[in-house]
Each structure stands twice: as C-alpha cells, then as structure tokens.
Trainee: 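The structure under discussion is supplied below as structure tokens; questions concerning it will follow.
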Protein chains: 2
Amino acid sequence: MRYAKGHKESTRERIVQAASRRFRQDGAEGVGVAALMAEAGLTHGGFYSHFDSKEALLRAAVEDSMTQTLDELTRLAKRYGDDVTALARGYLHHQHRDHPESGCAAAALAPELARHAPDTRAVFTVRLQALFKLIEARLPPTLPAAQRRERSMAIFAALMGSLQLARAVDDAALSERILQGGIHAATILALK
Amino acid sequence: MRYAKGHKESTRERIVQAASRRFRQDGAEGVGVAALMAEAGLTHGGFYSHFDSKEALLRAAVEDSMTQTLDELTRLAKRYGDDVTALARGYLHHQHRDHPESGCAAAALAPELARHAPDTRAVFTVRLQALFKLIEARLPPTLPAAQRRERSMAIFAALMGSLQLARAVDDAALSERILQGGIHAATILALK
DNA sequence: CATCTAATATGATGATCGTCATTTCATTGC
DNA sequence: GCAATGAAATGACGATCATCATATTAGATG
C-alpha cells in the first residue's frame with residue numbers, strides 16, 4: 001500500500017462526519033454528493049470508492065449522528081440531575097434548537113427516513129431503541145415494566161416533536177413556549 | 001374572458017391539492033414542478049402563470065394540508081368521545097401512519113419547513129396554533145389557563161413525534177408500541 | 001532515488017431540477 | 001362563423017443531480 005495504512009479509513013470517516021452534519025442541516029435530499037465531498041476537503045470523483053451509493057453514505061451518517069446524539073444525551077443527563085427532567089432541559093435547549101447540524105438526528109430526519117431504504121431505517125431503529133433505553137433507565141422503578149418502555153417512547157416522541165415545532169415556527173416567543181411545554185410534559189410523563 | 005369564469009381558479013385549486021398530497025408523501029424536495037403538474041393533469045409549462053415559484057406553491061399546499069388536518073381532527077374528535085384520548089386514537093391510528101399523503105402536514109413536513117422561507121413558516125405557524133387550540137379546548141377546565149396552552153403544545157408534539165417515529169421505524173411491532181405509547185401519554189397529559 | 005500502486009482528481013454521462021419565453025389552442029363575445 | 005384573448009403546451013435555459021470511466025498524483029517500498 002502506498003498511502004499510510006488507515007489513510008483511506010480516516011478519509012472515509014471524514015466524509016461520514018461531514019455528511020452527518022450536512023444531512024441534519026439540509027436534509028438528505030438537500031445536499032448533493034459533490035457538496036458533501038467538498039466539505040470533507042475532497043472532490044466528488046472519489047466518492048464511489050468509499051461508498052456504493054449516496055444511500056449507503058446516508059446509512060453510515062445516520063449511524064454516526066444517532067450515536068453522537070446518544071453520547072451527548074448521556075453526557076447531558078449525567079452532568080445535571082441524571083433524571084428525565086435533566087434530559088429534557090438539555091434536549092429542549094435553545095442551542096439544540098438553533099444548531100440542528102450537531103443535534104438529534106431523529107429530530108432532523110425522521111419524516112425523511114420513513115421514505116428511505118429498509119437498511120437505512122433498520123440502522124435508525126437500532127439506535128432509536130438505545131435512546132428509548134436511555135430514558136427508560138431514568139423512569140421511576142415503581143412503574144410497571146410493561147409501561148416503562150412505552151412511556152420512554154412517548155417521552156422521546158414528545159421531546160423530538162417539540163424540538164421540531166420550535167424550529168419550524170416563525171415566532172420566537174411561541175418557539176420558547178413550545179420548548180417549555182415539552183420540558184414540563186416530559187417531567188409529568190416521568191412521574192407516576 | 002375566453003374560458004369559463006372560475007376555470008383558472010379551479011385549475012389552481014387542483015394543482016394545490018395535488019401538491020398538498022405529493023409534498024406530504026415525498027417531501028417538498030422529493031417532487032418536482034413537472035410531476036406536480038402532471039398529477040393535476042397538466043404539463044409543466046403553465047405552472048408559472050399560477051404561482052410565482054415552487055415555494056409559493058408549497059406555501060399554498062401547507063395552508064391546504066394543515067387546514068385539512070384541522071378539519072379531519074375536529075371530525076375525528078366529534079365522532080368519538082370528543083376528548084384528547086379520542087383525538088390521540090384517531091391521530092395515532094394505523095391508517096394515518098400508513099397514509100402520510102392524506103395525513104397531518106406537520107408530521108410529514110415539520111423538519112423541512114424549518115429550512116424554508118419565513119412566509120411559508122408563517123402560514124404553518126398560524127395553522128399550528130389552531131391545532132393547539134383544538135387540543136386546548138379539550139383539556140380539563142381545572143387546569144390553570146397559563147398551563148393549558150403549553151400543555152396543548154406538548155400533547156400535539158407528542159402525537160406528531162410518535163407518528164413520525166412509528167413511520168420511520170423498520171419494525172412493525174415496535175411501530176405499534178410507539179403508537180400505543182403516544183395514546184397513553186396524550187391521555188396522561190390531558191389529566192391533572 | 002526510481003518504481004509501483006492505491007487514493008484522489010478530472011471530466012463526462014444522461015437525467016432531472018426550477019424557471020421562463022414563445023407558441024398553440026380553446027372558448028367567448030361579436 | 002370570426003376575431004380576440006386568456007389558458008395551457010412546447011420546448012428550451014443553465015444548474016445540479018447521482019454515477020462512473022479514466023487520468024493523475026502522492027508516498028511507501030525496493
């Protein structure tokens with residue numbers, strides 16, 4: 001091999017990370033292969049020696065960004081009270097709302113992913129279930145086990161939905177209230 | 001005037017309704033002007049005598065589809081108990097999950113709308129607030145007025161998020177549990 | 001230092017994108 | 001039935017899309 005071993009691997013990683021950001025920012029259909037490669041400091045030509053298709057890159061990017069989201073949420077929770085309210089406060093923060101490119105992949109891409117290849121959705125599903133578990137672990141142990149799981153799903157759905165609405169709305173004050181409403185709701189859903 | 005009066009208006013309406021469906025099905029970037037016009041039984045050429053741009057059509061389509069969603073939810077609620085649980089059951093039904101093209105525009109387009117023109121987001125915002133009011137009117141009057149509004153936002157966010165996740169996931173059983181979790185959560189959030 | 005080859009760049013493919021100028025056609029008023 | 005006119009069709013614009021064949025170049029190996 002002529003290039004240092006691991007060179008191609010690290011280049012691939014750079015492409016995935018660039019894609020991971022841009023897909024969240026502009027949507028999977030909102031950015032082309034050429035722009036993605038340029039963001040990684042390359043030209044578009046070499047793309048297909050790294051990935052079979054744009055869809056394959058999306059799959060890798062979903063895996064990367066969902067893992068990032070998982071790590072970030074874990075970090076956030078640990079930093080503050082390590083309960084659902086802490087998670088909600090971190091998730092529904094202005095900074096998260098204003099920076100989708102480094103934020104939750106589910107919030108940025110969920111409706112689009114529903115229209116993508118089964119492989120891509122499968123990757124998403126696995127990571128999403130890890131997110132559910134993250135919340136579930138912070139629900140009161142008094143809740144029946146069967147309910148804990150469904151409750152964690154609903155809490156995440158509420159957080160994700162609130163973030164999306166806060167981003168879509170054209171009214172700063174309303175956006176703020178949506179975030180607050182989401183935090184309160186998550187707290188309520190984490191009780192009883 | 002050479003064509004029957006109202007002819008152009010009804011054609012425009014046909015285009016909006018075709019767009020209203022296709023945008024929800026394939027996303028705003030997932031379908032082109034030519035396909036939209038074809039769906040309305042026309043060719044692409046005449047498009048710009050009806051709309052200034054594709055964005056203008058999106059704005060009209062968002063207004064149309066959000067209004068449809070509002071009407072449908074009102075109808076659904078009235079049909080069954082006329083409470084939040086009835087709304088949730090209707091919203092998180094399999095039929096809704098499996099037919100985004102005739103379903104909630106917010107669930108189909110929210111993340112994408114965040115990236116669109118202020119005018120488009122303003123139209124969305126107005127209709128979204130009507131959706132909030134629809135839920136708010138079905139919350140127990142014992143709740144403090146200030147909380148009612150935020151609560152209604154969170155309930156809708158939870159419904160919308162649950163629907164999106166149920167659509168994105170590649171696991172039928174999980175999809176089902178997400179829908180159930182959303183219904184239960186909405187019911188809990190409508191109490192106390 | 002020269003050679004070899006993997007990694008990237010160049011450049012082109014046909015398709016589709018949004019947009020628009022121009023032409024054709026349908027319908028109504030005379 | 002003819003002329004006037006508004007609506008829709010034709011066809012093209014340059015840009016960008018995903019994809020790929022070919023050329024170049026970087027850098028470790030001998």
Trainee: Could you check if a side-chain atom of A:Tyr91 sits within less than 4.5 angstrom of a side-chain atom of A:Leu76, using non-hydrogen atoms only?
Mentor: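 Not touching, per the 4.5 Å side-chain cut-off.
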Trainee: Mind checking if B:Gly45 touches a base, just sugar-phosphate, or nothing, with heavy atoms under 4.0 Å?
Mentor: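 It contacts base atoms.
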Trainee: Considering only D:dA18, C:dG18, D:dT10, which nucleotide approaches the side chain of A:Val33 most closely?
Mentor: D:dA18
Trainee: Answer yes or no: does a side-chain N or O of B:His44 lie under 4.0 Å from OP1 or OP2 of C:dC17?
Mentor: no
Trainee: Is the distance from OP1 or OP2 of C:dT8 to the nearest side-chain N or O of A:Thr11 less than 4.0 Å?
Mentor: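 Yes, such a contact exists.
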Trainee: Under 3.5 Å, is there a donor-acceptor pair between the A:Ser20 and A:Arg24 side chains?
Mentor: yes
Trainee: B:Ser53 has a side chain; which of D:dT10, D:dA18, C:dT19 sits nearest to it?
Mentor: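 So the nucleotide nearest the side chain must be C:dT19.
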Trainee: Whole-Å distance between C:dT19 C1' and B:Met37 CE?
Mentor: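 Nearest whole value for this atom pair: 13 Å.
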Trainee: Are OP1 or OP2 of C:dA6 and a side-chain N or O of A:Ser49 less than 4.0 angstrom apart?
Mentor: no
Trainee: If I take atom CZ in residue A:Phe47 and atom P in nucleotide C:dT13, what distance separates them, rounded to the nearest angstrom?
Mentor: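 About 22 Å, once rounded to whole Å.
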Trainee: Quickly work out the B:Asp26 CG to C:dT16 C1' distance and round it to whole Å.
Mentor: 15 Å
Trainee: I'd like to check B:Leu109 versus B:Phe124 (side-chain heavy atoms, cut-off strictly below 4.5 Å). Are they in contact?
Mentor: no
Trainee: Compare the minimum distances between each of C:dT8, C:dT10, C:dT19 and the side chain of A:Leu42, then state the nucleotide with the smallest one.
Mentor: C:dT8
Trainee: Using whole Å, report how far CD1 of B:Ile15 lies from P of D:dA7.
Mentor: 12 Å
Trainee: Counting only side-chain N and O atoms of B:Tyr48, is one of them less than 4.0 Å from OP1 or OP2 of C:dC20?
Mentor: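 So the side-chain polar atoms of B:Tyr48 never come under 4.0 Å of the phosphate oxygens OP1 or OP2 of C:dC20.
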Trainee: Rounded to whole Å, please give me the gap between CG in B:Leu36 and P in C:dC17.
Mentor: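 To the nearest whole Å, that distance equals 10 Å.
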Trainee: What is the distance, rounded to the nearest whole Å, between atom NZ of B:Lys54 and atom C1' of D:dT16?
Mentor: 13 Å
Trainee: Could you tell me if the side chain of B:Val84 sits less than 4.5 Å from the side chain of B:Thr187, heavy atoms only?
Mentor: no
Trainee: Just the rounded figure in Å: distance from C1' of D:dC20 to CG of A:Asp52.
Mentor: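 Whole-Å distance recorded here is 13 Å.
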Trainee: In whole Å, what is the span from the NE2 atom of A:His50 to the P atom of D:dA18?
Mentor: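 For the pair A:His50 NE2 and D:dA18 P, the rounded distance is 17 Å.
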Trainee: Should we count CZ of A:Arg89 as having more than 12 external heavy atoms under 6.0 Å?
Mentor: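 12 or below, so no.
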